[in-house]
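Here is the structure we will look at, set down as structure tokens.
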Amino acid sequence: MSRAASLDEHLVAADLRRQLAHWLAAARIFRDAEEFASLEAWRSVERDVGSPLREQMNKVVEDLIAMGTQIEKLVAEARSNPELLPRAAAAVLRFRRRYVQVDTTLDFLGDAVNSRTSTLLRVALSNLDDLAVESMRPALIKAGKPVPRVLTYQDKGTGASILRAGVRLWAPGAVMPVAAIKIVRHNLYRPTSLFHECGHQVAHLTGWTASVEAALAAALAEDRELAAMWTPWASEIVADVFAFLHTGYASIAALYDVVSDASAILRWPLGDPHPIGWLRTALGCAFSSLCFGAKGPWERLLRAMDAHYPVKLADPSVRPLLERSRAAMPRIAQACLDAPVPALANAPMTSVHDPARVSPAALAELERSAGPALWRSPYWRRSEGIRIVALAGLREAENPDTASLWINRARAWLTTAQAEAA
């Protein structure tokens, strides 16, 4: 081997050592959880949420560092054995890629925790954590399934989302130990979407989605085109049902505020798991009519939507499907509400969450019987927190003149700490 070739190999080995030293040093910094979220934000997360998160973060970091340490030995050997240089170079590249995967995982978890940027926001999100868990508890306990803890976080956008507990994260071997639910700012104090996202978690654990898909196929068996349209939407429909069973009409009004976009409400994007916004709103109104009666704010919402977005504005290829869907809507809604849930011995979700409890009449009775204490008492917060969300959302939707009053009331309620309420 020439002196020039030997020098080149020495330089490559030295550079691999330099690169690895950089990435390994950066990986060791990951050991400090405050690199990703402030100490105050971590303290605001309940122990049974924060501990498993930090344990998962620590595991992926230590696995990364252990990988880097092994590669460090290989690079050292390659300095004296040039035949190992290709292996060492490939290993350093693998480590760099694993670093990016771990960084993505930790960044997501850290951003979620660190969205608790102020005292009021920390209290509100902590209260939403509790409400989310309470919404899942009855069905999952009856189904014999573990009830996951929840970390809610605030982010931009118009719609909520969930990273379910138990799903694999970006870093190999990393599994989400809690459910992380994104809440957007405009719905922070009307958090009906929280229960939509919880519905995704419950459906995953109980086998509900496949059952609703089958129920839709049976209800629309005489119209194959409609069945082919509706059945792929089952995963989002079950979440809408779950939100409706917890917050009633408030969930429909909140949904319409998100989908009511002239450029999208009548469109059918290829591959979108969500129902067309126009049909999704009509389905929610059909739930209300079936469960609460034909007369109510849902009737006015449906008429307003039809006047604002008449079906004639839809693409001609989609219009007949929209019209036939509307004609079949009572049948579709009933099928969704009555679909058996495998993990509940094939009883419907309504057997656990009775929609009558969130009817306008039932919420008015809650408001009357509790009086002003409803918004201050720790008893009512613990026993009826979800229905309080339903009530505030209903009142906001019923009368635009008093919407600000109800938003402010909900905000004051959600930003009151449990300890203070007690």
Side-chain angles (χ1 to χ4, degrees), residues 156-162 182-187 190-197 199-200 203 209 212-213 216 219-220 225-245 247-290 296-333 335-337 393 396-397 400:
K156 59 183 180 296
T158 58
S161 63
I162 184 172
K182 168 190 164 184
I183 296 291
V184 294
R185 184 174 295 279
H186 78 92
N187 268 339
R190 184 186 57 175
T192 58
S193 59
L194 177 74
F195 307 109
H196 172 98
E197 302 308 330
H200 283 301
T209 299
V212 168
E213 184 176 347
L216 287 167
L220 299 171
E225 280 190 307
L226 279 195
M229 179 189 218
W230 278 85
T231 52
W233 294 335
S235 64
E236 290 298 330
I237 289 173
V238 295
D240 282 349
V241 172
F242 198 76
F244 172 76
L245 295 179
T247 55
Y249 175 67
S251 70
I252 312 307
L255 166 67
Y256 184 63
D257 287 348
V258 173
V259 303
S260 181
D261 180 335
S263 67
I265 192 168
L266 288 162
R267 290 184 64 244
W268 186 9
L270 185 66
D272 190 344
H274 300 84
I276 296 169
W278 195 80
L279 292 178
R280 196 176 174 191
T281 304
L283 178 61
C285 291
F287 291 154
S288 298
S289 294
L290 286 170
W298 46 90
E299 177 194 25
R300 296 190 294 275
L301 175 62
L302 192 61
R303 289 181 63 183
M305 182 182 74
D306 286 341
H308 195 182
Y309 306 109
V311 71
K312 67 182 180 182
L313 298 179
D315 186 276
S317 65
V318 177
R319 193 181 307 152
L321 293 169
L322 296 179
E323 292 171 336
R324 291 185 347 244
S325 292
R326 285 291 290 271
M329 198 59 75
R331 189 163 77 250
I332 293 170
C336 296
L337 292 169
E396 178 193 335

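- Ring geometry for Trp233 versus Trp268: interplanar angle over 60°, hence perpendicular rather than tilted (30 to 60°).
- Nearest approach of Phe244 to Tyr249, heavy atoms of both residues: CE1-N, 4.4 Å.
- Shortest non-hydrogen contact noted between Thr158 and Val184 is O-CG2, 3.6 Å.
- Looking at every heavy atom in both residues, Trp230 comes nearest to Ser325 through NE1-OG, 3.0 Å.
- A heavy-atom distance below 4.5 Å is not found between the side chains of Glu213 and Ile237.
- Within the 4.5 Å cutoff, the side chain of Leu220 has no heavy atoms near those of the Met229 side chain.
- Residue pairs meeting the salt bridge (charged side-chain N to carboxylate O under 4.0 Å, His left out) criterion with at least one member in residues 305-320, sequence neighbours excluded, are Asp306-Arg326.
- Shortest non-hydrogen contact noted between Gly284 and Ile252 is CA-CD1, 3.3 Å.
- Contact of the Leu321 side chain with the Leu226 side chain is registered, since non-hydrogen atoms from C-beta on lie closer than 4.5 Å.
- In this structure, Glu236 and Pro275 have side chains that are in contact, with non-hydrogen atoms separated by less than 4.5 Å.
- Ion pair Arg267/Asp272 not flagged as a salt bridge, since none of the NZ, NE, NH1 or NH2 atoms sits closer than 4.0 Å to an Asp/Glu carboxylate oxygen.
- Considering every non-hydrogen atom in both Ile265 and Ser260, the closest pair reads CD1-CA, 4.0 Å.
- The number of heavy-atom neighbours closer than 6.0 Å to NE2 of His186, taken from other residues, nucleotides and ligands shown, is above 12.
- Within the 4.5 Å cutoff, the side chain of Ser251 has no heavy atoms near those of the Asp240 side chain.
- Pro310 and Leu266 make their closest contact through O-CD1, 3.7 Å (heavy atoms, listed as atom of the first residue, atom of the second, distance).
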